[in-house]
Amino acid sequence: MDPIQKIRDGLRNLLVSALEKSRAEGLITFDCLPDFVIEVPRDEGHGDFSSNVAMLMARSARMAPRKIAEIIVRQIDRKLMPELQKVEIAGAGFINFFLDQSWLYYLPALVIGMGDRYGSSPKQNLKVQVEFVSANPTGNLHMGNARGGAIGDTLANALSFAGYDVEREFYINDAGNQIEVFAQSLEARYLQLMGAKIEFPDNGYAGQDVVDTVKNIIRDYKDALLVMSSEERQKFVVNYALKEKIEYIKTTLSNFGINYDVWFSETSLHASGQVNEVIDYLMEKGFIYEEDGALWFRSTLFGDEKDEVVIRANGLPTYFATDIAYHRDKFRRGFDRVINVWGADHHGHVARMKGAVQALGYDEGRLDILLMQLVRLYRGGIVVRMSKRTGTTVSLDELIDEVGKDAARFFFVMRSPDSQMDFDLDLAKEKGQDNPVYYVQYAHARIQSIFRQAAAAGVERKRVEEVDFSVLGTEEMQLLRKIADFPEEITIVARTMAPHRIARYILDLAGLFHSFYNHHRVLNENQSLQDARLLLMETTRITIKNALTILGVSAPDQM
RNA sequence: GUCCCUGUGGCUCAGCCUGGAUAGAGCAACGGACUUCUAAUCCGUAGGUCGGGGGUUCGAAUCCCUCCGGGGACGCCA
């Protein structure tokens, strides 16, 4: 139930039937209707809704836009929409619709009736998978993972609200080159800590977290690894470390409000033979050729700049080969839509991944890759380079400790994924009023406070049917109008993969609330006004809470 | 060199996909509002050649071309 969509549909009907009537009466000629819009004008003086249909028809109808608008307006059947108060022609030929404010009176009943489902759309029987974070299990979660987590989880929540069946997935990169290096690093640290004088690998993981893991191994197993062969020892330490790291990732992301449905292991693709199988398949189809001892995928067939190696000359598959098998597996699991949230540093991988999906016979339109620009971390006004090797960066668990889950999630999702983000640690640590999350949460807390006051005074909220909303004034109606936008906002977020819009939306809504709050009292002498405002407050509270829930931010009862 | 993201008041950004009417927020600045449901709030003032140029259009921050600045990717790494 989308209030805005309902009105748009109604107005569209009105215009279309007016146009067809005009044509039937020979007032205007056209072959087909233009792709016109019914938009919400920026300026209130231009009505509640506005259409550009007359301007778009001007050319084909060989008539001045205003003239067309006049014809249309004359033919509009007002009976089709009782809440329509006035229709005006303005500017170059806009048709502006003014509605009686009563069209919003049903909203409190709708919102309160739906409760924590307000904003959601009916189930549409479409399965979507969102894969996000998928951090390498070789180190701590960094700010890039954090941003990806906030964006991916918010998007998943929004998709779920928009009527999709959503599955959240974490792809565990527990195979491949970096795991080899990880194993070597762990082994070297173990031997060093046990007193051996050996070199640490040049490109190894030099971070403190590797040392910490090895200390845990020593705590648990003492010198038992010294007698093993190097191969055995590496296998042992890497298994230990992966288990520990994955546990750490699960715990930290859970503390960040993210819980996955599926943890998918890369190793399982190798173990089940799916990687080799999919390469064989593509070879049969002619998408793979051999050169310089390696096997190449013809990604240039699909618009990529160059072909890509899938099996190296040493016989080992590349990450890309595994990813092809992985994506085939995703589609085989029956998802109608597959969304990957990737850092911008992976953008070179997009074209060939989509190409591979096509080569496998799937519509590449079913694979959406949301690229988010990277996060730059600042401390004391200086950029902190994020390197897994040096371990000098701030990890997600540290961030949650310092600024809290709510602020961190809001902050990360507030900006468009397309925009590069500077995360100023010093600023984020300030739990002051600069942080917009408090602004929104405060609105929720204030409303709950009103309800506490009301309860203390023995005031009860009336049932919606008993309340007359015509006592509400301009500011109250603006609040209701904003609340009416919520369902549409969610569907836009789901369609355009733009989770930051929810943060924007809720800041706007909170702003309207605070403004109202400072100008009017909910609890007052005027009984009917108080009744209406109490329900308006509950309507507002539900919407704020639902939006915060999608963002993964708590809605406190008091602050 | 090729590709991706980006350039909007002093600062941080939204709007661009799907063109629409005098371009919006927040922060910072300045001036106001608490004996009243939480001042983590509100109200007001000031501040903009939407990076430059060209094009399409009745109409361009939005679409196209081009140039310039910032970030990123271009490996038989992931």
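Throughout, protein chains are lettered first and strands after them, A, B, ... in sequence-line order, and every chain is numbered starting at 1. Remember, predicted model here, so these are calculated numbers, not experimental data.
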Report task. Determine whether any donor atom in the side chain of A:T318 lies under 3.5 Å from an acceptor atom in the base of B:A78, or the reverse, and answer yes or no. Result -> no
> Does a distance-only test, which skips hydrogens and angles, find a donor-acceptor pair under 3.5 Å between the side chain of A:N96 and the base of B:A21?
Replying inline: yes
[X] side-chain proximity, nearest of [options]:
X	options	answer
A:H347	B:C3, B:C13, B:U6	B:C3
A:R376	B:C58, B:C42, B:G71	B:G71
A:E266	B:A78, B:G72, B:C43	B:A78
A:D418	B:G24, B:A78, B:U6	B:U6
A:R59	B:U57, B:A14, B:C42	B:U57
A:M559	B:A78, B:A40, B:C37	B:A40
A:A92	B:A78, B:A14, B:C58	B:C58
A:R42	B:U12, B:A23, B:C76	B:A23
A:Y438	B:G71, B:A40, B:C42	B:A40
A:Y442	B:U41, B:G71, B:G20	B:U41

Taking pairs as Watson-Crick (N1-N3 plus N6-O4 or O6-N4) or G-U wobble (N1-O2 and O6-N3), each distance under 3.5 Å, the stems of three or more consecutive pairs with RNA chain B are B:1-7 with B:68-74, B:10-13 with B:24-27, B:29-33 with B:41-45, B:51-55 with B:63-67
From the list A:L56, A:V53, A:N52, side-chain contact (heavy atoms from CB on, under 4.5 Å) partner of A:V37 resolves to A:N52
What's the [atom1]-[atom2] distance between [X] and [N], to the nearest Å?
X	N	atom1	atom2	result
A:R504	B:U12	CZ	P	14 Å
A:F516	B:A33	CZ	P	23 Å
A:N177	B:A78	CG	C1'	8 Å
A:N340	B:C4	CG	C1'	17 Å
A:R415	B:G7	CZ	P	13 Å
A:I369	B:G72	CD1	P	21 Å
A:Y505	B:A14	OH	C1'	16 Å

Distance between the [atom1] atoms of [N] and [M], in whole angstroms?
N	M	atom1	value
B:G10	B:G51	P	14 Å
B:G47	B:A23	P	14 Å
B:C63	B:C16	P	9 Å
B:C34	B:U41	C1'	10 Å
B:G24	B:A46	P	14 Å
B:U6	B:G44	P	33 Å
B:C42	B:A28	P	12 Å
B:C65	B:U2	P	14 Å

Between [X] and [Y], does any side-chain N to carboxylate O distance fall below 4.0 Å?
X	Y	value
A:K306	A:E308	no
A:R481	A:D485	yes
A:E538	A:R541	yes
A:D2	A:R8	no

### Query
Going by distance alone, is a donor N or O of one side chain under 3.5 Å from an acceptor N or O of the other, for A:H270 and A:N276?
no
Should the pair [X] and [Y] be classed as cation-pi, given the thresholds of under 6.0 Å to the six-membered ring centre and 45° from the axis?
X	Y	answer
A:R147	A:F423	no
A:R415	A:F412	no
A:R533	A:F516	no

Need one value for [X]: base, sugar-phosphate or nothing, where a base atom within 4.0 Å counts as base even if backbone is also close, heavy atoms only.
X	result
A:R66	nothing
A:H346	base
A:Q558	base
A:D292	base
A:A58	nothing
A:A64	nothing
A:S50	base
A:D345	sugar-phosphate
A:H520	base
A:E305	base
A:Y439	sugar-phosphate
A:R521	base

Can a side chain N or O of [X] be found less than 4.0 Å away from OP1 or OP2 on [N]?
X	N	result
A:R312	B:G75	no
A:K306	B:U2	no
A:R501	B:G15	no
A:S515	B:U41	no
A:R352	B:G75	no

Those residues at least two apart in sequence (or on a different chain) that pass side-chain contact (heavy atoms from CB on, under 4.5 Å) with A:P499 are A:I151, A:T154, A:V413, A:P417
Relative to its sugar, using the 90° cut-off around 0, the base of B:C11 is anti
Closest to the 5' end of RNA chain B, once A:N518 and A:A445 are matched to their nearest nucleotides, is A:A445
Taking for A:H500 and for A:L523 the nucleotide of RNA chain B with the nearest heavy atom, the one nearer the 5' end belongs to A:H500
Exercise. Is the aromatic ring of A:H46 within stacking range of B:A21, meaning centres under 5.5 angstrom and planes under 30 degrees?
Worked result: yes
When you compare the ring of A:F94 with the six-membered ring of B:G20's base, are the centres less than 5.5 Å apart and the planes under 30° from each other? no
Aromatic ring proximity, centroids under 6.0 angstrom, A:H46 and A:F94: no
Here the gap from A:D307 atom CG to A:S299 atom OG, rounded to the nearest 0.5 Å, amounts to 5.0 Å
